[in-house]
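Worth knowing before you read on, the calculation uses all heavy atoms, side chains too, and leaves out hydrogens, waters and symmetry mates. So that the names make sense, note that chain A is the first sequence line, chain B the second, and so on, each numbered from 1.
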2 protein chains.
Amino acid sequence: MTDSSIYPTQEKLAKRGRTPAQARLAAILDRLNQGGSVSVTEIAEEFQVSDMTVRRDLAELEAQGLLERVHGGAVSLQHGPLTVIDDVEPLFEARRRLNSDAKSRIAEAALALVAGQQTLAFDLGTTVLAGARALAASDPAPGLRIFTNSLRVAQLTAAASIQTYVPGGLIQPGEMSVTGQGAVEDFSRYYFDTALIGASGLTPDGVFDYSPEEAAMKSVYIQRSSRRILMIDSSKFRRISTVRVADLSQISIMVSDAAPPPELAQALEEANVSILVA
Amino acid sequence: MTDSSIYPTQEKLAKRGRTPAQARLAAILDRLNQGGSVSVTEIAEEFQVSDMTVRRDLAELEAQGLLERVHGGAVSLQHGPLTVIDDVEPLFEARRRLNSDAKSRIAEAALALVAGQQTLAFDLGTTVLAGARALAASDPAPGLRIFTNSLRVAQLTAAASIQTYVPGGLIQPGEMSVTGQGAVEDFSRYYFDTALIGASGLTPDGVFDYSPEEAAMKSVYIQRSSRRILMIDSSKFRRISTVRVADLSQISIMVSDAAPPPELAQALEEANVSILVA
DNA sequence: AGAAAAATGTTTATTTTTGTTCGATTGAAA
DNA sequence: TTTCAATCGAACAAAAATAAACATTTTTCT
């Protein structure tokens, strides 16, 4: 092709791209940041190149961690349609039914991790509750002690004759959790071998949860535990929520039912978090 | 970061998923957040895809915890017809069945006595628990606050959206009660309008109970309440038990299902205890 | 100019997504 | 309750998109 120097409108947008190839890459990124996603065919037609070339472009940008490829194109890591911001917590019962299969798998895996531990802290949430259920169903060691601000967890473990401690304070009806400053102070007196933490969102930016009150208690668990296990099903990947609870680096082990998406896996690795897929 | 990305505008959505699959998923979520529900056929027609494809989309979104599927479509987790069931089975003990008729009569009578009170303390025991159940089933005033070291009571009242406080400490498995010095100290900070007290024995010598730990908490309730209601079924008359919890004179009102025997009636009268037979 | 390197195009096998059929299940009406 | 139509899911077929291997073109040097 002799007319290789066609510079349509994209030339203005992507001046740094001196070669056609660089112009394409820049335009792809630009479009992603604006619209959230691009399709292979769309780019191919616009730049009069083959689909294969566009795929190679996308592959390169993905390798640089600048986008995520999906079938048919690519989506932005920032406004990818799958990164969801939600600030309304679904009711407990609805959450419990979701992914209950994955949750029990996660529960079993986490349970294996805490075998032999003496003092466990149980956070809120359906996934952690599944862990408590599994623990209660197993034959726990006699000396085991549980600390939790979830009355649901407490009921399960206490009924299984496990020594169970709860903090004092006001009960939040939906979650059946004890929260508030008094509860935080109560548990700030203790140290735990392992904390089992739940969350409503997990991204490279950290661990997220709905309510500030619950987040405060999570912080206690995290700060006062030798080992911090995050139990989170894969639906929470790429979701952020009202409160940022913790850095990735504060988590020792992440247990989930599926491998995290690439950008999260990389961030977890950099934060030195072990990943366990149940 | 809290700008339009939470609730994307219509224009943004149109551009959002240039990848067909992404566009469908985004549109489904958007419609859910706006209208609360979508139907399979509706989406299939709008995007000119088969029903099966829409079902697969919904299945994927459900797996990500973003919606709940129902027959014919899906509903939002926020707006949907969410179940409000209490998923915790009442734990049946032999005691609860005993005199359950008498206990619920006592419960109703005691409930009438505390109407309009702001701050109630609930002791342990099946009779008091029946009172809590009756209270939860009634339509309690919004400002009502419950203090209890019985997790069974707490669970009932908290589920009924009554502000419920529990003390911190170790849980006793059988009673599901929080006891210990910490719990006593926790509740020693408060004052209560009325305490609802249970007991395992009542004689002219006083009020009796089984365990010293539980007795310590009863003392707190008694000492720090303006009015002290003893809820006790007639089978406990003339029985003594391990610990003497209180003098008769410390009780304001005794509620029972039958009149006490003569010597007890006389002692109660001398101690200035009102007697209410339900 | 000519060769090496890089980028792009083409073909083909593989994977992913979507469509279709059909028996099973569900929900509502009779 | 029983019936019946709508809906659902599993299995397989078709279509679209992708990745790999190789061919071709363009660029970048000397």
Side-chain angles (χ1 to χ4, degrees), chain A residues 1-8 10-11 14 16-29 31-32 36-64 66-76 80-82 97-102 234 258-259 261-262, chain B residues 16-29 31-32 36-64 66-75 80-83:
Chain A
M1 304 242 180
T2 56
D3 57 337
S4 62
S5 56
I6 47 164
Y7 280 98
Q10 280 70 28
E11 204 256 345
R16 346 190 308 249
R18 307 216 302 245
T19 74
Q22 285 167 336
R24 264 197 332 266
L25 295 186
I28 289 171
L29 286 181
R31 200 177 280 221
L32 272 183
S37 72
V38 294
S39 89
V40 169
T41 322
E42 169 189 305
I43 299 289
E45 280 181 7
E46 180 157 345
F47 288 89
Q48 294 292 307
V49 294
S50 71
D51 290 4
M52 194 61 229
T53 299
V54 178
R55 286 196 197 96
R56 282 191 265 246
D57 287 348
L58 295 181
E60 170 160 353
L61 292 173
E62 184 181 46
Q64 294 181 27
L66 298 172
L67 53 76
E68 188 201 344
R69 289 225 275 164
V70 296
H71 212 84
V75 296
S76 158
L82 299 182
R97 290 209 307 272
L98 283 174
N99 285 340
S100 65
D101 212 48
S234 56
Chain B
R16 193 159 159 186
R18 277 275 52 115
T19 310
Q22 305 289 328
R24 273 198 322 268
L25 296 184
I28 290 171
L29 285 180
R31 207 176 274 217
L32 275 183
S37 71
V38 294
S39 90
V40 169
T41 325
E42 172 187 308
I43 299 290
E45 281 181 6
E46 176 159 346
F47 287 88
Q48 294 290 306
V49 293
S50 72
D51 290 5
M52 194 61 223
T53 299
V54 177
R55 286 197 198 97
R56 283 191 265 243
D57 286 347
L58 295 182
E60 159 141 12
L61 291 173
E62 183 181 47
Q64 296 186 20
L66 298 172
L67 53 77
E68 180 182 354
R69 286 225 276 167
V70 296
H71 206 81
V75 296
L82 289 171
T83 47

**Fill in**
To the nearest angstrom, the CD-P distance between B/Glu62 and D/dC8 comes to 12 Å
**Asked** How long is the line joining CZ of B/Arg69 and C1' of D/dA6, in whole Å?
**Response** 15 Å
**Message:** Measure NE2/B/His71 against P/C/dT25 and give the value in whole Å, please.
**Reply:** 13 Å
**Asked** How long is the line joining CD of A/Gln48 and C1' of C/dG9, in whole Å?
**Response** 14 Å
**Item:** Whole angstrom value for the distance that separates P of D/dA16 from CD of A/Glu42
**Value:** 18 Å
**Item:** Gap separating the OG atom of A/Ser39 from the CD atom of A/Glu45, nearest 0.5 angstrom
**Value:** 8.0 Å
**Request:** Could you check which of D/dT7, D/dG9, C/dG19 has an atom nearest any side-chain atom of B/Thr41?
**Result:** D/dT7
**Message:** Can you measure A/Arg24 atom CZ to C/dA7 atom P for me and round it to whole angstrom units?
**Reply:** 10 Å
**Message:** Nearest 0.5 Å, please: how far is CZ in A/Arg69 from CZ in A/Arg55?
**Reply:** 8.0 Å
**Prompt:** Less than 4.0 Å between a side-chain N and a carboxylate O, is that true for B/Glu46 and B/Arg31?
**Reply:** yes
**Prompt:** Which parts of residues 52-59 of chain B get close to DNA chain C, meaning a heavy atom less than 4.0 angstrom away?
**Reply:** B/Met52, B/Thr53, B/Arg56
**Between CG on residue A/Asp57 and CE on residue A/Met52, distance to nearest 0.5 Å** = 10.0 Å
**Item:** 4.5 Å side-chain heavy-atom contact, A/Ile28 and A/Leu67
**Value:** yes
**Prompt:** Could you give the CG-to-P distance, from B/Asp51 to D/dA10, as a whole number of Å?
**Reply:** 16 Å
**Asked** How long is the span from the CD atom in A/Glu60 to the CD atom in A/Gln64, to the nearest 0.5 Å?
**Response** 5.0 Å
